[in-house]
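Here is the structure we will look at, set down as structure tokens.
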Amino acid sequence: MNIIQQHSDASLAENWRTINIDLLDPESSSNFDTTTLHPAFAAVSADEARGIGQQVRQLLRGGDAEGALRGSLEMVPYGGDASAKEIHLQTVTEVLQSIKASEMTPMLQRIFQSEGGSEALDVLMKYLYKGMASSATHKTPSRGSTLTPQSTGFSQMGGRPGAGNESSGAAMSVLLSWHEKVVEVAGLGCINRSMTDWRKV
Amino acid sequence: MAAPEVHHLFHHPIADHSFSADKQTLAVARDTSVELYGRTGNGFKLKDELKGHDKLVTSVDIAPNSGRIVTCSQDRNALVWEPSPTGYKPTLVLLRINRAATFVRWSPSEMKFAVGSGARVIAICYFEEENDWWVSKHIKKPIRSTITTVAWHPNSVLLAAGSTDAHARVFSSFIKGVDSRPDPGVWGERLPFNTVCGEYLNNSAGWVHAVSFSPSGDALAFASHDSSITVVYPNGADQPPRAVLSINTQLLPFMSLIWNGESEIIAAGYDCEAFRFQGNESGWQLTGSLESKGRAGPEREESAFNMFKQMDLKGKTKDDTKLTTVHQNTISTIRVYEGSGGAVRKFSTTGVDGRIVIWNA
């Protein structure tokens with residue numbers, strides 16, 4: 001056992017080449033604390049998100065689609081975990097799907113002109129993008145793995161709307177028509193805010 | 001309202017521009033040099049070129065009284081150009097930064113200037129007589145990302161800075177021997193160097209493109225990438241501000257803004273036109289564009305021959321390659337051109353399209 005042997009053993013054990021040195025530098029941008037970019041959120045559990053969903057559906061059944069939409073956009077579980085957020089996304093998507101195309105623009109205009117309406121539409125825009133993202137990634141594993149053995153980076157390839165099943169294509173078209181209407185009412189600034197905002201839905 | 005005065009200097013983006021006090025000289029940052037234009041009749045003519053940087057010049061500022069020009073660049077340097085009978089003489093400033101310098105402005109006293117940088121510091125530079133050097137002191141503490149913009153308070157001690165960490169901050173840049181002790185005001189009472197007098201963030205947290213103090217210095221406005229402007233009314237040291245008003249717009253983000261009196265803000269940016277905001281402590285709103293609509297060139301009488309020729313060549317009859325705004329691309333800088341006591345009569349804008357436009361406020 002010579003010194004070289006000992007030395008290489010030590011370095012193998014430490015595996016130092018795989019250390020991300022950027023994380024060790026407190027000044028590095030990898031250590032930017034993004035929680036400083038938004039206020040502290042109250043924790044929301046999945047059950048609470050489900051409860052909000054029930055209330056919103058109640059309004060929807062009562063025929064108050066606008067109230068349901070506003071309610072779902074105001075009670076956003078920012079502090080919730082992934083499952084709570086997923087549940088609320090479903091709630092919002094359900095509300096969006098139940099509103100007729102002819103009612104979209106007048107309803108959006110009423111919301112936009114009311115108190116805090118601009119923020120409500122910013123939230124809606126975030127849900128539209130989240131909805132599009134999730135319906136595009138849901139089906140990737142099955143199709144992606146059969147068509148492309150190696151990962152090519154085009155993860156959405158297999159999940160194009162309409163390629164897989166009909167219902168996700170329909171859901172996507174609802175989101176797209178909402179997107180068009182929201183931009184008409186709230187402008188491009190709304191898209192900007194949905195991108196910059198750290199209060200993620 | 002009289003039509004704005006438009007000069008198309010070149011086909012290249014203008015990073016920043018500055019007029020001398022007598023408005024006869026215009027400095028524009030073009031690529032790695034600063035071009036000085038002199039006014040000749042109705043136009044501007046290239047007079048001189050300040051070559052000293054070897055990377056993109058990001059900002060330029062002419063001190064109104066001394067006539068000194070300060071420039072900063074992505075080569076991490078700032079230069080002070082001293083006017084002399086034989087032309088401008090550059091002096092290097094010791095910035096001690098390891099990233100690009102992004103923005104520079106003279107303080108109203110002209111004794112010092114502030115340089116924002118990608119190194120997460122603001123260098124406050126002043127002239128040290130004994131060494132015959134421009135030296136700098138760094139404001140470092142709570143800054144966590146690139147400084148994109150700075151603006152001076154009228155007292156030359158307080159400095160506002162906007163950063164890509166989405167915060168607009170107000171610092172003290174008090175330097176012993178250079179500044180006289182400032183009067184206590186709404187931003188604080190004791191103001192040693194690097195005191196953080198305020199740190200503001202709006203809800204949607206876009207990174208900050210522009211900051212500006214109101215003419216009295218008692219309010220701060222900033223524009224950020226979430227297409228909003230935010231106005232802050234502070235309430236003395238260690239107190240929460242009296243009001244923080246955020247105006248979300250339907251437009252694209254603003255790159256630059258100026259105050260016109262205490263109750264009006266003019267902002268311009270990616271929409272290629274300037275917009276007016278009006279308000280006070282109880283609320284602000286967007287009141288409209290400064291662009292006079294319908295002015296977009298007289299509709300030319302098209303002959304049938306021309307119409308069919310256009311359709312044949314381009315597949316359409318109207319030429320839609322021109323924007324209806326005066327600027328044909330993003331406006332990156334807006335500055336007061338002429339005004340008194342905080343009220344603006346004329347202001348100038350430059351942008352990516354290489355035009356300089358002088359507007360009536």
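The structure displayed is predicted, hence computed values, not measured ones. Each chain gets a letter, A, B and so on, in the order the sequences are listed, and its residues count up from 1.
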Turns out that what part of B/N202 lies under 4.5 Å from chain A's heavy atoms comes down to neither

Under 4.5 Å to a heavy atom of chain A? For B/D271 that would be neither

Honestly, the part of A/T34 sitting under 4.5 Å from a heavy atom of chain B is neither

Under 4.5 Å to a heavy atom of chain B? For A/R199 that would be side chain

Side-chain donor-acceptor distances from residues 250-258 of chain B under 3.5 Å, at least two apart:
{"residue": "B/Q250", "atom": "NE2", "partner": "A/V185", "partner atom": "O", "Å": "2.6"}
{"residue": "B/S256", "atom": "OG", "partner": "B/I334", "partner atom": "N", "Å": "3.1"}

Open item on the list: Can you confirm whether or not the ring centre of A/W178 sits under 6.0 Å from the ring centre of A/Y127?
Closed with: no

query = Are A/L176 and A/E180 close enough that some pair of their side-chain heavy atoms sits under 4.5 Å apart?
reply = no

Counting heavy-atom pairs under 4.5 angstrom with chain B, the leader among A/G189, A/C190, A/S194 is A/G189

Counting heavy-atom pairs under 4.5 angstrom with chain B, the leader among A/D33, A/T36, A/D122, A/L121 is A/T36

Report task. Would you check if there is a donor-acceptor pair between the side chains of B/N260 and B/E264 at a distance under 3.5 Å? Result -> yes

As a quick check of understanding, evaluate side-chain hydrogen bond (donor to acceptor under 3.5 Å, both in side chains) for B/S204 and B/D226, giving each step before the final call. CA-CA 6 Å; B/S204 32; B/D226 53 10; 2.8 Å; yes

